[in-house]
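First up is the structure itself, then whatever we jot down about it.
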Amino acid sequence: MIGLAVLIPAMVALGGLAAAALIGRRMLAHPEGPPQVVQIGRLIRQGAMAFLRREYSILAVFVTGVAVVIGALIDYNALGNARIAELNAPAIALRGQGPWTALAFVLGALGSGAAGFVGMSAAIRGNTRTAAAAIEGLNPALRIAFSTGTVMGLAVVGIGLLGVAGLWFVFRDPNVLAGFAFGASSVALFARVGGGIYTKAADVGADLVGKVEAGIPEDDPRNPATIADNVGDNVGDVAGMGADLFESYVGALVASLALAVAGAAAFGLPAPDFDASLAVLPLWLAAIGIVASVVATSFVRTGPTASMGRLLWALRAGIFAAAFFALGGAAVLIAVLELPFELFWVVLTGLVVGQVIGLATEYFTSYQYRPTRWIASQSVTGPASVVIAGVAVGFMSVVVPAIAIAAGIWVANELAGLYGVALAAVGMLSTLGITLATDAYGPVADNAGGLAEQGGLDPVVRHRTDALDALGNTTAATGKGFAIGSAVLTALALGAAYVAAVQVDVLNLTDARVLIGLVLGGMLPMLFSALTMHAVGAAAGDMIAEVRRQFHEIPGLLEGRPGVEPDAARAVDISTQGALRAMFPPASIAVLAPILVVATLGPEALGGLLMGSVATGFLLALFMANAGGAWDNAKKWIEIGHHGGKGSAPHAAAITGDTIGDPFKDTSGPSINILLKLMAIVAVIFGPLFV
């Protein structure tokens, strides 16, 4: 009976993948547009795939090496074979765990890579079709871009649930599943950091030399960095984001399953059947969320002359509908499983907290509201005023999400203990299929604008894609806030699993080792951000020098002489080399820091490190993501005709803020949430070795 209950979510996951394939096929049936757009789209596609091949080739070596280490070292069962035996686990899970955990690690890495690859494959084909649809109007372009994002959203949740449910069906061992989450988080961190460095090096270089120094439009075909910038939208904002949210989804499921094995005690009901129901519940919630997301895509519709406000409400309608359907399904499921109805309120808490974070992020990053317009108004007194205003808005934007997360943790813990905290994260991410679709459509619209500019389409086409891009900046910031918020709940739940694994009853704040770990943990997100920002700055410096060189040394390039083209391949190579060279130092922190701390200071210090990293990392990540999104949309508010419009001194000041915000929102900020969960997963897997 338990096996069937686990297999059904796996079948739903396959159905989600089938729906993604069907939506992708319909998207591909739309025309690609004029020949010049098709040609530029082909260059973007080639650059994106070339980068992904090189990145994945390097990661294959890393994954193989770590799998060997796990297979050789890990041979324990932190939660006890007796407890797992009560859950009717197959005998295979009760023998040496190392090889099976290593296999799960490889599968998690493959799943994360596949999620990014599928999303990017859809994006590099949907961008040309979105540009072509924008010739007809705003709404057709929205539909194509949203369909492209839906492919990635459903692929991410489908692959994630299929992997977790499949491994739970075979092993029913949370330690093996921790290997799957470790693989997903490792590849996600490298993909997010590498892709983020790539895209922002190209973006900053293209903006500062092209728009500010040379005074040419954004995405102008004369700019050598334009193709690299458009490639970066795909490798960073699509492939990196897909891998990022894949590991968020997987991490929440694995944390809830790990705590379910020992979670019945929270209700005073230690019976094995009750524990089995606790383990089945998050898998079924995820399955219900996939169905709800597929159904809710039909709610995303607007009229042919929709305004920005109506477009935003169209996307909201899909998200709210998915949450409503998921909540109804959760109520029925909890009743059928005869679980305490308190768990329904836990799921509701997760969904509500997610929506609060999303709405708060939207308020602070959309130019429909006062904070972003205030940043734009500060541009009339220069770049320094823009930067100060953006920093202030970024700091203020963390208040509501922090209070919402704190309230959510309190409610979930009161209702169902730490298992409830993990379940709230599952509830928050249950509708990830459509949430990610609204997030991923933004980079597609951004690419479509670049194609319209480079392909020489009517200016009204670029105006339409800019409107979609501005909305995409807001939905992307919302998606990042969503991921960061869920990361806190997941990291806390994984921290609880770690404490259980190393059998530490309490983390005493008067213990010097705990305090040392707390301080070191608080420092790590700062160090991580410094390394990623430095990497973007170094690669952007190389890009700026190359763009200047080509403008200076290629006769007639800047003047737009017919037949004179930039060396776009050289710019693409600079971003590629900079990203691949710089992604390992920051990413290695997440793997090495927990192991070094527990080996030298003990398990209590590692517990303190996990707490400190969550406290500072959560706030820093939100600040960076929201400040960057607000700076970007403040620039767009000026570009649509306010405070002097394009080419004015306020516009140049806003571009400075935007370029500062680029690595904030697309490299360092969104990578921190992966850092938090990866360190917790490493603690769960390797911590018991040092007890």
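In this structure, Ser430 contributes its side chain and Gly289 its backbone to no donor-acceptor pair below 3.5 Å. With Ser588 contributing its side chain and Pro585 its backbone, the two residues share a donor-acceptor pair below 3.5 Å. Formation of a donor-acceptor pair under 3.5 Å by the Asp244 side chain with backbone atoms of Arg192 is not found in this model. Distance alone, capped at 3.5 Å, is enough to place a donor-acceptor pair between the Thr667 side chain and the Gly196 backbone. With hydrogens and angles ignored, the 3.5 Å screen pairs no side-chain donor or acceptor of Ser379 with any backbone N or O of Ile375. Remark: side-chain polar atoms of Asn626 are not paired, donor with acceptor, to backbone N or O of Thr361 under 3.5 angstrom. Proximity of a side-chain donor or acceptor of Asn673 to a complementary backbone N or O of Pro670 within less than 3.5 Å is detected. Listed for the Thr532 side chain is a donor-acceptor partner under 3.5 Å among the backbone atoms of Phe528.
Pairs engaging residues 673-682 under the salt bridge (charged side-chain N to carboxylate O under 4.0 Å, His left out) rule: Glu247-Lys677 [sequence neighbours left out].
Shown are Val254, Leu253, Leu259; of these, the side-chain contact (heavy atoms from CB on, under 4.5 Å) with Pro282 is made only by Leu253. Applying the side-chain contact (heavy atoms from CB on, under 4.5 Å) test between Met679 and each of Val591, Val614, Leu609 identifies Leu609 as the sole match.
Between the OG atom in Ser613 and the CZ atom in Phe618 there is a gap of 13.0 Å [rounded to 0.5 Å]. For the atom pair Thr365 OG1 and Trp631 CH2, the distance stands at 13.5 Å (nearest 0.5 Å). If you take OH on Tyr498 and CD1 on Ile681, they are separated by 13.5 Å, rounding to the nearest 0.5 Å.
Side-chain atoms of Thr297 and Thr150 include no donor-acceptor pair closer than 3.5 Å.
Pairing each heavy atom of Ile434 with each of Ser293, the nearest pair is N-OG, 3.4 Å.
The environment of CH2 in Trp345 is sparse: at most 12 heavy-atom neighbours from other residues, nucleotides or ligands sit within 6.0 Å. Atom CZ of Phe320 has more than 12 heavy atoms from other residues, nucleotides or ligands within 6.0 Å. Crowding of His642 atom NE2: a count of heavy atoms from other residues, nucleotides or ligands under 6.0 Å exceeding 12.
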CA sep, side-chain torsions, deciding dist, call: Lys636, Ile640, side-chain contact (heavy atoms from CB on, under 4.5 Å) = CA-CA 6 Å; Lys636 285 184 167 54; Ile640 62 174; 5.6 Å; no
side-chain contact (heavy atoms from CB on, under 4.5 Å) between Tyr198 and Val231, worked out | CA-CA 9 Å; Tyr198 184 111; Val231 170; 3.2 Å; yes
Begin with the C-alpha distance, continue with both residues' side-chain angles, and end with the deciding distance and a verdict on side-chain contact (heavy atoms from CB on, under 4.5 Å) for Ile357 and Ile405.
-> CA-CA 8 Å; Ile357 292 174; Ile405 284 289; 3.9 Å; yes
Run the side-chain contact (heavy atoms from CB on, under 4.5 Å) check on Ile319 and Gln355 step by step: do they pass?
-> CA-CA 9 Å; Ile319 294 174; Gln355 296 303 322; 3.5 Å; yes
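Within the 4.5 Å cutoff, the side chain of Met533 has heavy atoms near those of the Met624 side chain.
Between Tyr367 and Trp637, the angle of the ring planes lies from 30° to 60°, which puts this pair in the tilted group. Aromatic ring pairs are classed by plane angle as parallel below 30°, tilted from 30° to 60° and perpendicular above 60°; the pair Phe623 and Phe395 is parallel.
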